[in-house]
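For the numbers below, each heavy atom of this structure counts, side chains included, while hydrogens, waters and symmetry mates do not. Reminder, nothing fancy here: chain letters follow the sequence lines and each chain counts from 1.
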Amino acid sequence: MAFRTRFAPSPTGYLHIGGARTALFSWLLARKTGGQFLLRIEDTDEDRNREDAVDAILDGLRWLGIDWDEGPEIGGPHAPYRQSERLAQYQAVAAKLLAEGKAYRCDCSVDRLAALRETAKAEGGRRGYDGHCRDRDLGPDAGSTVLRLRVPDSRDVLLDDLIKGAVRWDSAELDDFILVRPDGMPMYNFVVVCDDVAMEITHVLRGDEHLNNTPKQLLIYEAMGASQPHFGHMPLILDDQGRKMSKRFGDVAVGQYRDAGYPPEAMINYLARLGWAHGDAELFGVDELIQMFSIEGIGASAGKWDVQKLRWVSGHWLKSLPLDRVAAAMRPIFEARGYLLGERWVDAVRVLRERAHTYAEVADQAGVFFLADDQLPVDADAVATVLAPSRELVSRAAEAFAGVAAWTEAELEAAGNALCVAEGIKLGKLAQPLRVALVGQKVGPGLWQTLFILGRETSLRRMRRAWS
RNA sequence: GGUCCCAUCGUCUAGCGGCUAGGACAGUGCCCUCUCACGGCAUAAACAGGGGUUCGAUUCCCCUUGGGACUACCA
């Protein structure tokens, strides 16, 4: 069966990792079943409605490689895909509900409502709104009115959730909630249902925080006489405090991870594994995910965001992706740092990615190759304790390497080993001071690789100068 | 407060009545080695508690406890 799924973010200005994950799961389901994945912008709240806020979300999805079959920018058979442009449709549904007596007008003041909520809370729960206008049958000339749904007095509202299983509510717990505001702007629960019906969505995957909205929406489907889609409420992503991930925690926008140098493949892989499992497998490429993904594999309990594991996953992809892809991703990062890329910069990427976990780490370590000598951060302590006692040796090494015919790792290694034999020392005795001379640090890639990437000229210059 | 959800190593999880409770990240130790990484090997680490059901519960049911979400004329 082909699923029609959707992701319906509100324009917050960034793609939240929780949203990214529900989008990913929904997308995976659509791709797996040969169905469609749609994107819809929930922008009925005029207060926060900016075009660039939408773009940030689209950019995040695009970066992850999540494409949509219908939605902003590409349109589709159910256009428009912005709720702010679908007002007429909601009004038509509202008018029908009103005409059929499924909904009614209410002119209670916000003050009265607030007072009602207060007492309801103080007295221990139940409805906040008392149904005051329920049977007053207010007409169109009643002034400022909201439209409320007539909720059954006390009846079971059942949900068979794809992830949570059977959930039941008593409609007595629900208010005659508001469908449309006095100014004609429809409320969230109402538009969601209208759109999911209109767009023929078959499977709704969304965050757990929406579980309590579901009975209201179920009642709206009933009032509309529309058939309901399947619902799956995904467990939340928690921060290290065990709370729902929020801006307050720090890095909740996928853009922050992109900027921090995580490859999208890593983000996809980690996001997928957080809350979903396929046996013991940990590493998944997108194609594998599409093939392996299943709703049954989604867990019911919330999970904590673990940057350590993300980093490990990222390290895997950094090493596994085609070298040219990684190099292409690295280039702008190198340039942004003002690196002077020599002819062997791709070799540097090849060597460095084996020891890094993110693009940023590669860039950090690449400085020793691409920064001018006087820009290099030199470890003074290393120079004093490791290099200084062996300056003579390093300068003899410079002459030995100067005689190498072809500046290749193999030749360099041969020359280095020959020098050790001639000096009667072990490689370690030569390598450490040499490394400090070459890169100004005690740690770094293998000596032969370092020499090769640095090139003859720079290598010899740094050995001869030896930071003195 | 009310409604709802959740509960296996520190973390992500496997388990779908009978297992020495498995894997991965992180931790620790060893190996590899020109350093740091990478990698390899090893090690430590969990079924929240109490009742049931059952020949037998991590697994099914109930309660307790603990966590979380929601509780707008926001989405």
Side-chain angles (χ1 to χ4, degrees), chain A residues 8-12 42-45 47-48 83 106 108-110 113-114 117 120-128 144-148 159 161 163-165 167-170 173-175 177-183 185 187-189 191-192 207-215 233 235-236 238 240 242-244 270 273-283 296-297 299-313 315 319 352-357 361 365 382 386 413 416 420 426-436 439 441-448 450:
Chain A
S10 59
T12 50
E42 312 243 329
D43 57 356
T44 53
D45 180 11
D47 288 346
R48 49 177 186 208
Q83 295 184 326
C106 164
C108 291
S109 70
V110 291
L113 262 19
R117 258 197 307 279
K121 199 161 187 170
E123 288 168 3
R126 294 283 153 162
R127 297 187 172 190
S144 177
T145 61
V146 297
L147 187 70
R148 288 180 184 274
L159 168 69
D161 193 87
I163 297 168
K164 305 291 186 191
V167 185
R168 177 164 50 107
W169 291 269
D170 182 343
E173 305 289 349
L174 275 19
D175 281 343
F177 56 93
I178 297 176
L179 261 20
V180 184
R181 288 177 270 210
D183 63 0
M185 285 302 280
M187 297 287 289
Y188 169 73
N189 285 124
V191 291
V192 166
D208 242 352
E209 70 265 31
H210 288 293
L211 190 54
N212 283 315
N213 282 324
T214 310
H233 288 88
L236 265 16
L238 275 18
D240 54 2
R243 299 258 167 181
K244 184 168 79 164
Y270 178 69
R273 271 293 286 112
L274 183 60
W276 172 82
H278 184 77
D280 282 344
E282 295 286 350
L283 276 359
E296 295 70 47
S301 54
K304 287 184 181 169
W305 186 253
D306 182 1
V307 188
Q308 293 281 19
K309 186 144 186 184
L310 201 213
R311 182 170 176 272
W312 174 77
V313 171
K319 297 170 183 62
L352 260 18
R353 72 166 176 168
E354 293 300 327
R355 31 196 310 116
H357 293 84
E361 287 180 19
Q365 296 180 38
V386 180
E413 180 171 1
C420 284
K426 303 188 75 169
L427 183 54
K429 282 291 187 186
L430 172 67
Q432 277 308 83
L434 209 46
R435 173 171 289 106
V436 175
V439 303
Q441 304 291 327
K442 280 189 279 195
V443 303
L447 196 56
W448 322 127
T450 300

Choose from [options] the nucleotide whose nearest atom is closest to any side-chain atom of [X].
X: A:Leu447; options: B:U3, B:C34, B:A75; result: B:C34
X: A:Pro182; options: B:A69, B:C73, B:A24; result: B:C73
X: A:Arg181; options: B:C5, B:A69, B:C73; result: B:C73

Starting from [atom2] on [N], measure out to [atom1] on [X] and report it in whole angstrom.
X: A:Arg311; N: B:G27; atom1: CZ; atom2: P; value: 9 Å
X: A:His357; N: B:A26; atom1: NE2; atom2: C1'; value: 12 Å
X: A:Asp240; N: B:U11; atom1: CG; atom2: P; value: 12 Å
X: A:His233; N: B:C5; atom1: NE2; atom2: P; value: 12 Å
X: A:Gln432; N: B:U33; atom1: CD; atom2: P; value: 16 Å

Original post:
Below 4.0 angstrom from OP1 or OP2 of B:U13, is there any side-chain N or O of A:Arg273?
Top reply: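 For A:Arg273, the contact criterion (side-chain N or O under 4.0 Å from OP1 or OP2 of B:U13) is not met.
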Original post:
Of A:Ala300 and A:Val110, whose closest RNA chain B nucleotide lies nearer the 5' terminus?
Top reply: A:Ala300
Who pairs with [N] - Watson-Crick or G-U, where each distance is under 3.5 Å:
N: B:G66; value: B:C6
N: B:G29; value: B:C41
N: B:C34; value: none

Subject >> Residues which pass side chain to side chain donor-acceptor pair (under 3.5 Å) with A:Glu413, listed by chain and number, not counting sequence neighbours >> reply: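 Applying side chain to side chain donor-acceptor pair (under 3.5 Å) to A:Glu413 gives none.
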Original post:
Looking for any heavy atom pair under 4.0 Å, which part of the strands does A:Asn213 touch: base, sugar-phosphate only, or nothing?
Top reply: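 Result for A:Asn213 = base.
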Original post:
Between the base of B:G1 and the side chain of A:Glu123, is there a donor-acceptor distance below 3.5 Å?
Top reply: no
